[in-house]
Amino acid sequence: MVARTDQTTDPVLLEGLLQARRGTAFFARKLNELSDADLDGPSLLPGWTRRHVTAHIGYNARALARLIEWAATGIETPMYASPEARNQEIAFGATLSPIALRNLFDHSAVHLNVEWRDLPADAWHHKVKTAQGRIVPAEETVWMRTREVWIHAVDLDNGATFADIPVPVLTRLLKDITGAWATRGTDTGLLIKVTGTDTDLTFGDTSATDQTVITGPLAAVVEWAAGRGSTGVTASGPGTTEGTPAAPAWI
Ligand code: ZN
């Protein structure tokens, strides 16, 4: 008997699943608004058409479904055979007919959702490995999917902006990105200030004395931090005479 509701009762996980499902629906809407001919057009990602973005999102769902199968069965099934295999798969997917490309997105999203829904509550804690080699509990796949569908919906360049992304998702994205910088030590002298919230949020290198300060509303700051341009942020301090510096690499 296949369950029709989530097996987990963890409220935090259920809230996360909601954001992932909302993001998937949002991506679907932005994709469905595009004509077949529009799919050939450029995305916001250098070298990628909208076809590449759509193929990537489809194969990402399949890869995450493999991690959930791993968590459910204990049989190791990696996201991708190799980074090269991942890239080849996207290049191939981008050549599919429009109907096949749309089916890839739809079917893979449904498949992942069924895998999530049917995963027994305790199996969400089982450890799996990401494409970057991080060992994480299966519940991390929910966040991994959430950030992909929301950001790449913007990358489709069909009118979606970072302001469409829910605040909890934006906040976690900024923590993720600045956390990755701190781990790598690439945020030296860089301070991020988010304005327009009840309590001012500060990220980055808070200990430096002569800081490069990036300031702006949450959506604009996250857009900049994710490497998607500097619209809506202001920069001051060292290294800003030529304008807003590019954010350190994230992924
Ligand atoms: Zn991606």
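Order of listing sets the numbers, starting from 1, for every ligand and every atom in it. Nothing fancy with the numbering, it's 1 onward along the sequence. Computation of the quantities below employed the complete heavy-atom set of this structure, encompassing side-chain atoms and omitting hydrogens, waters and symmetry-equivalent molecules.
A distance of 8.0 Å separates OG1 in T130 from CG in L67, rounded to the nearest 0.5 Å. In this structure, N158 CG and S43 OG are separated by 12.0 Å, a value rounded to the nearest 0.5 Å.
Tracing side-chain contacts under 4.5 Å through hydrophobic residues (I, L, V, M, F, W, Y), one never reaches L191 starting from W181; they form parts of separate clusters.
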Any chance you could lay out the side-chain hydrogen bond (donor to acceptor under 3.5 Å, both in side chains) test for D155 and W48, step after step, and finish with the verdict? CA-CA 10 Å; D155 290 332; W48 272 19; over 6 Å; no
Please step through side chain to side chain contact (heavy atoms under 4.5 Å, CB included) for the pair F26 and I165, ending with a clear verdict. CA-CA 9 Å; F26 184 69; I165 303 177; 6.0 Å; no
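Residue pairs meeting the salt bridge (Lys or Arg N to Asp or Glu O under 4.0 Å) criterion with at least one member in residues 242-251, sequence neighbours excluded, do not occur.
Near the Zn ion (ligand 1), less than 2.8 Å away, sit the protein N, O or S atoms H56 NE2, E148 OE1, H152 NE2.
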